[in-house]
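Worth saying up front: this structure is predicted, and the values here are computed from it rather than measured. Reckoned from all heavy atoms, side chains included, excluding hydrogens, waters and symmetry mates.
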Amino acid sequence: MPNPSAGSANPSASLSSLWGYLLPALNHIVRSPTNLTEKAPVIDISYHMGIHTATYNYFTMQVEAVSNNKERERLTPSGTDLYEHIDKYYAEVARELLLGAPEDDSSLIQYIVPCFNRYAAGAHSVNRLLNYVNRHYVKRAVDEDRGWLTLSDIFDAVAKAIQDGDTKERVTNKLKERRTEELRKWGWDEGGTSEQLAHAESCAEAASPLDRVVTLSALALRRFRTELMEPLLAVPKLKGNKRRKPGAHNGNAPNLPKGRLARAVRELLEKQDVDVEERRRLVAELANAMRVTGVRDGHPLRKRLDKYLLTGTV
């Protein structure tokens with residue numbers, strides 16, 4: 001995609017100007033149809049450099065505007081407006097993908113897997129394109145205890161382990177241990193590679209609440225979870241207040257309603273006319289999509305998928 005002409009306008013003059021300059025690139029990278037679902041479409045190098053320069057200048061202008069007003073800077077950190085625009089953008093894209101989902105449960109997983117691969121490829125490309133936002137805004141927010149894991153999240157557990165006479169260094173080490181414990185839930189083991197650590201932290205970021213500031217790639221993955229995965233995982237409510245009579249199912253598991261994605265997985269695993277290798281591929285890719293978007297390992301559907309991948313049985 002070539003660099004669009006901005007004429008004499010300065011893309012970094014305001015948020016609306018910057019967003020108008022960024023949006024064609026975001027749409028091309030994230031929304032453009034492509035047969036290569038695992039690789040996002042590229043933009044011209046001059047457009048790429050123009051976006052980097054405009055973003056840098058926008059942040060610089062914001063910092064200069066608040067440099068003489070520390071109270072304003074504290075209340076509205078520079079970059080918050082752009083970060084929130086990006087978050088809303090990914091929410092809209094994920095909702096569009098949900099609206100495009102087939103009504104037939106039997107083809108739902110075949111729809112989700114390539115959709116997620118395409119969406120994730122675009123998100124990672126945008127993450128590189130707008131890395132200045134990560135370096136300037138996200139890093140600062142994490143330093144200010146607004147990241148995926150805050151002191152309040154771990155204070156109670158760490159406070160119980162702190163003893164009288166503990167030095168500041170020992171308390172800091174206990175905080176690090178708590179963070180490591182959280183990362184283990186996402187596949188990190190001490191002694192692992194830096195890539196494995198980065199992957200585990202990205203999963204943890206995607207699993208965080210919406211008010212936590214995370215890297216732009218994790219921001220996109222988190223929105224895929226909240227706007228697409230969670231609605232498909234949601235279990236419909238039973239109508240009325242009728243209770244199931246004891247023994248009505250002769251000892252079998254109750255036929256309670258399931259979310260759409262759970263029904264689709266059940267159909268995929270139990271269907272006889274599905275190629276074994278294709279079934280395993282779909283299960284593996286769906287399990288990966290659920291993990292990297294922040295669906296926790298205790299979720300029943302994740303357990304079922306992991307069990308199938310481990311044992312090959314339903």
Side-chain angles (χ1 to χ4, degrees), residues 1 3-4 6 9 11-34 37 39-44 47-48 50-59 62 76-101 112 114-141 146-148 202 205-232 289 292-294:
M1 180 180 185
N3 190 354
S12 57
S14 65
L15 176 62
S16 59
S17 298
L18 178 61
W19 190 249
Y21 186 59
L22 293 176
L23 191 57
L26 298 184
N27 284 335
H28 181 70
I29 294 171
V30 177
R31 283 184 161 125
S32 291
T34 174
T37 58
K39 185 177 180 180
V42 299
I43 61 174
D44 188 82
Y47 193 12
H48 190 288
I51 287 174
H52 179 82
T53 301
T55 306
Y56 172 83
N57 289 341
Y58 180 73
F59 276 95
Q62 280 199 319
T76 311
S78 61
T80 300
D81 49 3
L82 178 58
Y83 184 86
E84 290 177 349
H85 262 60
I86 297 169
D87 186 34
K88 290 177 183 177
Y89 174 80
Y90 281 126
E92 291 173 1
V93 174
R95 283 194 289 267
E96 287 174 7
L97 294 176
L98 176 64
L99 291 173
I112 291 176
C115 270
F116 171 73
N117 290 338
R118 172 69 183 89
Y119 177 92
H124 291 308
S125 181
V126 171
N127 186 70
R128 293 188 295 271
L129 176 66
L130 298 178
N131 192 44
Y132 190 77
V133 179
N134 290 329
R135 290 191 287 118
H136 175 86
Y137 177 74
V138 176
K139 184 180 183 301
R140 173 180 171 179
R146 294 187 290 128
W148 69 271
S202 176
E205 286 181 317
S208 66
L210 291 174
D211 62 342
R212 303 301 172 83
V213 179
V214 297
T215 56
L216 295 186
S217 57
L219 183 76
L221 296 172
R222 184 169 67 186
R223 278 302 185 179
F224 194 90
R225 170 176 59 83
T226 62
E227 308 305 318
L228 189 144
M229 284 292 192
E230 289 181 357
L232 293 176
V292 300
T293 56

Colleague: Can you list the residues that meet the ring pair (Phe, Tyr, Trp, His ring centres under 6.0 Å) rule with F116, with sequence neighbours excluded?
Modeller: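 Once residues adjacent in sequence are excluded, the partners of F116 under the ring pair (Phe, Tyr, Trp, His ring centres under 6.0 Å) criterion are F224.
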Colleague: Who passes side-chain contact (heavy atoms from CB on, under 4.5 Å) against S217, sequence neighbours left out?
Modeller: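 Partners of S217 under the side-chain contact (heavy atoms from CB on, under 4.5 Å) test: H124, N127, T215.
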Colleague: Please name all residues satisfying side-chain contact (heavy atoms from CB on, under 4.5 Å) with S12, sequence neighbours left out, ordered by chain then number.
Modeller: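 Partners of S12 under the side-chain contact (heavy atoms from CB on, under 4.5 Å) test: N10, N57, Y58, M61.
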Colleague: Quick one: does I43's side chain get under 4.5 Å of L129's, heavy atoms only?
Modeller: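 SC-SC contact between I43 and L129 confirmed.
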Colleague: With sequence neighbours left out, what residues match R118 under salt bridge (Lys or Arg N to Asp or Glu O under 4.0 Å)?
Modeller: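 Salt bridge (Lys or Arg N to Asp or Glu O under 4.0 Å) list for R118, sorted by chain: empty.
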Colleague: List the atom of A207, the atom of G294, and the distance in Å for their closest heavy-atom pair.
Modeller: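 Nearest pair, atom of A207 first, then G294: CB-O, 3.4 Å.
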Colleague: Quick one: side-chain contact (heavy atoms from CB on, under 4.5 Å) partners of L98, sequence neighbours excluded?
Modeller: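 Scan of L98 (side-chain contact (heavy atoms from CB on, under 4.5 Å), adjacent residues dropped) gives L228, P231, L232.
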Colleague: State, to 0.1 Å, how close Y90 and L216 come at their nearest heavy-atom pair, and which atoms those are.
Modeller: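 Taking every non-hydrogen atom into account, CE1-O, 4.1 Å.
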Colleague: Evaluate the side chain to side chain contact (heavy atoms under 4.5 Å, CB included) criterion for residues Y83 and V214: first the C-alpha distance (whole Å), next the side-chain angles of each, then the deciding distance (0.1 Å), finally the verdict.
Modeller: CA-CA 10 Å; Y83 184 86; V214 297; 3.8 Å; yes
Colleague: State the OG1-CG distance between T55 and N131, to the nearest 0.5 angstrom.
Modeller: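 These two atoms lie 11.0 Å from each other.
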Colleague: Output all residues satisfying side-chain contact (heavy atoms from CB on, under 4.5 Å) with E96, sequence neighbours left out; order by chain, then residue number.
Modeller: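 Once residues adjacent in sequence are excluded, the partners of E96 under the side-chain contact (heavy atoms from CB on, under 4.5 Å) criterion are R31.
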Colleague: Any side-chain to backbone donor/acceptor pair from S125 onto A121? Under 3.5 Å, distance only.
Modeller: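 Checking the backbone N and O of A121 against the side chain of S125, no donor-acceptor pair under 3.5 Å is found.
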Colleague: Could you grab the distance from atom CG of L18 to atom CG of L23, nearest 0.5 Å is fine?
Modeller: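 So the gap between those two atoms works out to 11.0 Å.
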Colleague: Return the set of residues passing side-chain hydrogen bond (donor to acceptor under 3.5 Å, both in side chains) with S32 (not counting sequence neighbours), or none when no residue passes.
Modeller: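 Testing S32 for side-chain hydrogen bond (donor to acceptor under 3.5 Å, both in side chains), a comparison that skips the adjacent residues, returns H28.
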Colleague: Considering residues at least two apart in sequence or located in another chain, which fulfil the ring pair (Phe, Tyr, Trp, His ring centres under 6.0 Å) criterion with H85?
Modeller: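 H85 satisfies ring pair (Phe, Tyr, Trp, His ring centres under 6.0 Å) with W19 only.
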Colleague: Where do L221 and A120 come nearest, in terms of heavy atoms and distance?
Modeller: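 Minimum heavy-atom contact is CD2-CB, 4.4 Å.
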Colleague: Given side chains that start at C-beta, do those of V138 and L219 come closer than 4.5 Å, heavy atoms only?
Modeller: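 The answer is no, as the side chains (C-beta and beyond) never meet within the 4.5 Å cut-off.
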Colleague: State, with a plain yes or no, whether a side-chain heavy atom of L210 is found less than 4.5 Å away from one of R223.
Modeller: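 They are in contact (side-chain heavy atoms under 4.5 Å apart), so the answer is yes.
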Colleague: Between R146 (side chain only) and V213 (backbone N and O only), is there a donor and an acceptor less than 3.5 Å apart?
Modeller: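 Checked: no pair found.
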Colleague: Could you tell me whether the side chain of R212 and the main chain of W148 form a donor-acceptor pair under 3.5 Å?
Modeller: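 Between the backbone of W148 and the side chain of R212 there is a qualifying donor-acceptor contact (under 3.5 Å).
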Colleague: According to side-chain hydrogen bond (donor to acceptor under 3.5 Å, both in side chains), who are the partners of K39, at least two apart in sequence or on a separate chain?
Modeller: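 Testing K39 for side-chain hydrogen bond (donor to acceptor under 3.5 Å, both in side chains), a comparison that skips the adjacent residues, returns none.
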Colleague: Calculate, to the nearest 0.5 Å, the distance between atoms CG and CD belonging to L97 and E92 respectively.
Modeller: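 Reported value, rounded in 0.5 Å steps: 12.0 Å.
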Colleague: For A206 versus R225, what's the shortest heavy-atom pair and its separation?
Modeller: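 Where A206 meets R225 most closely, the heavy atoms are O-NH2, 2.9 Å.
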Colleague: For R222, give me all partners under side-chain hydrogen bond (donor to acceptor under 3.5 Å, both in side chains), at least two apart in sequence or on another chain.
Modeller: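 Here the qualifying residues are S208.
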Colleague: Go through the structure and list residues passing side-chain hydrogen bond (donor to acceptor under 3.5 Å, both in side chains) with S17, not counting sequence neighbours.
Modeller: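 side-chain hydrogen bond (donor to acceptor under 3.5 Å, both in side chains) list for S17, sorted by chain: S14.
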Colleague: Give me the atom names and distance for the closest heavy-atom approach of L82 to F59.
Modeller: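 The answer is CD2-CE1, 4.0 Å.
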Colleague: Determine the minimum heavy-atom distance between P24 and Y47, stating which atoms define it.
Modeller: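 It is CB-OH, 3.7 Å.
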Colleague: Under the ring pair (Phe, Tyr, Trp, His ring centres under 6.0 Å) rule, collect the residues that match up with Y89, sequence neighbours excluded.
Modeller: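 None.
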Colleague: Is any side-chain heavy atom of R140 closer than 4.5 Å to one of Y137?
Modeller: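 Result no, sub-4.5 Å side-chain heavy-atom pair not found.
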